Structures are given as C-alpha cells and as structure tokens.
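First comes the structure, then the notes that go with it.
For ligands, and for the atoms within them, numbers begin at 1 and follow the listed sequence. Only heavy atoms go into these numbers, but all of them, side chains included; no hydrogens, no water, no symmetry mates. Everything numeric in this text was worked out from a predicted model, so none of it was measured.
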Amino acid sequence: MSRAGVRARLEISITDKSFRNAAGERVEILKGLALNLDVGEVGAIVGPSGCGKTTLLRIVAGLDADYTGSVHLPAHGRLGMVFQEPRLLPWRSVRDNITLAAPHASADEVAALFEMLGLAQHADHYPGELSGGLARRVALARAFAVQPDLLVLDEPFVSLDAALAARLRDELAEMVTLRPVTTLLVTHDVDEALRLADRVFLLSTRPATVLSELRIPNPRQPMGAQERADFRTRIATELERPTG
Ligand SMILES: Nc1ncnc2c1ncn2[C@@H]1O[C@H](COP(=O)(O)OP(=O)(O)OP(=O)(O)O)[C@@H](O)[C@H]1O
Ligand SMILES: [Mg+2]
C-alpha cells in the first residue's frame, strides 16, 4: 500500500484487497479497482450487497492498510466519516459526541447543525436513548462539524424516514456547493446517487472493480424525467451485465 504524496485529486488504485475467511482461505474482495475524483467532486458508489464497498471506504479513510495498490488523498487536513452504523460514544451525550470529534466547531456552528438535523432537543441525551434514525443524524452532524476536506459516507441516509432523508440530501447538496468538499458516498439508492453525484461509479460483484463511470452533466441540479429514466435504465443494465 502507499499513501505517500498528496495530490489535488482523490486517486484510488487498489490492485488487490483480500480477507481470510474462517477456513483460512484468501477471499478476494477488491481487484483492479481504480477511481479518481477531482477536488470538490462527489462520487457515488453503487454496487451489489457484499461486493466490498465498505471495505473500499475503510481503505480510503486510512482504517485498513492491508491492501496492494495506492490511495492518494486530496490535500486535506480533516476527514469526516459516516459509517454504515452510527458508532457513537455511548457514555457521552449527543453534544459531547460532536464537540469531541470537532473541538474547533463554535457553539453557534454546533447549534446550527443541531437545528438543521432536528437534534436540538436531543443534545443532552445519550446515544442509548436515541432511535436508529436519530443516532444516524448525530453521526451526520459529527461528520459535518469537522468541516472536512474529505467526506466519506457509507449509506448515510438509510433508516431515516423518506421526508427527512430527502431533506438531508438537499442539505448535503447545498453544503458541498457552498464549501466544496471531495466526497465519496456509498448508496444503494440510484436516485440518491443521481441527486448528489458528479460521477457515479458502478461496481461489479466480488471481487469488485469499476464496471463503468457515469458523469452527471449538471450535478445537483434538477434532472428531467427522461434524463433520469435514461440514467436508471443504463445503471440497471450495467449492474445486471454478467462479468467475469
Ligand atoms: N474483517 C473482515 N474479515 C473477513 N471478511 C470480511 C471482513 N470485512 C468484510 N469482509 C467480507 O468482505 C466482503 C465485502 O464486505 P463489505 O462490507 O465491504 O461489503 P459491502 O459492499 O459494503 O456490502 P453491503 O452493501 O451489504 O454494505 C464480504 O463478503 C464480507 O463478509
Ligand atoms: Mg457496506
């Protein structure tokens, strides 16, 4: 693995990522997977369940160094990450979970995030007192509070009701427009990918590689019904295409 050298873009090239299964056999998860994102771009990763999306994000976030290949991060100081599970500190209040991760966030900034995410009444609650959807919102607040230069989101809007998920997608779109942040987002929701991304990367089944990359002509702008339908058809066709 190599994390040397900071370039302007996010450049990922994983030659091989394997795990050992319980029987001690090597199972290939990612193989010849390459993708790049320019500064401030949002890349959405769509692929079959279990193909290695979370594994890829963990490598990008620097949580797993056991792979062959290279990851060049955009020049950055701060990483914001939302895991597939909210992963809050259970013995700390909602407010402390945010301020511990983002000690430089001002009280006003934290208050604004709580307001945006509907968390104001829950600031003094402990994670164990929260519903799954609320816990997810706290995880989002924590990722945004650090004002990240690289934002890594693993299915961030699942288990939220449809209206809240739509509102948070709008908020995310607005945030990355106001303050561009290179963002890698995993989603199973094609409309979410079309709503948020500059580029959509379609992954194959395991071992995962990039089947194709779709550029969205006017990212985060309203999309016509026909254009949306065409993208959906294209994505469904690509993902169903036999590989190997
Ligand atoms: N630490 C580990 N040790 C062994 N195998 C692992 C480990 N972590 C993940 N795997 C295996 O790697 C494969 C890919 O897992 P991963 O969680 O990256 O998939 P995913 O694409 O995120 O799936 P989903 O869409 O369900 O979230 C799975 O078969 C999983 O069982
Ligand atoms: Mg996953």
Checklist entry - What angle, to the nearest 10°, do the atoms OG1 (Thr54) and OE1 (Gln84) form about the Mg ion (ligand 2)? => result 80°
Checklist entry - So, for atom 31 (O) of ligand 1, does the protein have a heavy atom nearer than 4.0 Å? => result no
Item to check | Closest approach of any protein heavy atom to atom 14 (C) of ligand 1, naming residue and atom | outcome: Gly50 O, 3.4 Å
Next on the checklist: I'd like to know whether Asp170 forms a salt bridge (Lys or Arg N to Asp or Glu O under 4.0 Å) with Arg195, so could you lay out the CA-CA distance, the side-chain angles of the two residues, the decisive distance to 0.1 Å, and finally the verdict.
Outcome noted: CA-CA 8 Å; Asp170 291 346; Arg195 168 77 183 93; 2.8 Å; yes
Item to check | Distance-only side-chain donor-acceptor flag, Glu28 / Ser18, under 3.5 Å | outcome: no
Checklist entry - For atom 27 (O) of ligand 1, which protein heavy atom lies nearest, and how many Å away is it? => result Gln84 NE2, 2.8 Å
Next on the checklist: Taking the side chain as everything from C-beta on, heavy atoms only, tell me whether Val71 gets closer than 4.5 Å to Leu73.
Outcome noted: yes
Checklist entry - Are Ser93 and Asp124 close enough that a side-chain donor and a side-chain acceptor fall under 3.5 Å? => result no
Item to check | Side chain Glu129, main chain Tyr126, donor-acceptor under 3.5 Å | outcome: yes
Item to check | ligand 1 atoms in contact with Arg206 (distance to a heavy atom under 4.0 Å) | outcome: 28 (C), 29 (O)
Item to check | Test item, Arg58 contacting ligand 1 (heavy atom, 4.0 angstrom) | outcome: no
Checklist entry - atom 17 (O) of ligand 1: which protein heavy atom is closest, and how many Å away? => result Thr54 CB, 3.6 Å
Checklist entry - On the ring face of Phe231, is Arg234 found with NZ or CZ under 6.0 Å from the centre and within 45° of the axis? => result no
Next on the checklist: Within this structure, what is the CG-CG distance for the pair Leu196 and Leu168, rounded to the nearest 0.5 Å?
Outcome noted: 10.5 Å
Item to check | Ile29 and ligand 1 - part of the residue with a heavy-atom distance under 4.0 Å | outcome: side chain
Checklist entry - Who's the nearest protein heavy-atom neighbour of atom 25 (O) of ligand 1, and how far? => result Lys53 NZ, 2.7 Å
Next on the checklist: Can a donor-acceptor pair be found, under 3.5 Å and without considering hydrogens, that links the side chain of Arg179 to the backbone of Pro148?
Outcome noted: yes
Item to check | Thr55 N/O/S atom closer than 2.8 Å to the Mg ion (ligand 2) | outcome: no
Checklist entry - Do Ser49 and ligand 1 have an N or O pair less than 3.5 Å apart? => result yes
Checklist entry - What's the shortest heavy-atom distance between Leu134 and Gly118, and which atoms? => result CD2-O, 4.4 Å
Checklist entry - Where is the nearest protein heavy atom to atom 18 (O) of ligand 1: which residue, which atom, and how far? => result Thr55 OG1, 2.6 Å
Checklist entry - Any nitrogen or oxygen of Phe19, main chain or side chain, under 3.5 Å from a nitrogen or oxygen of ligand 1? => result no
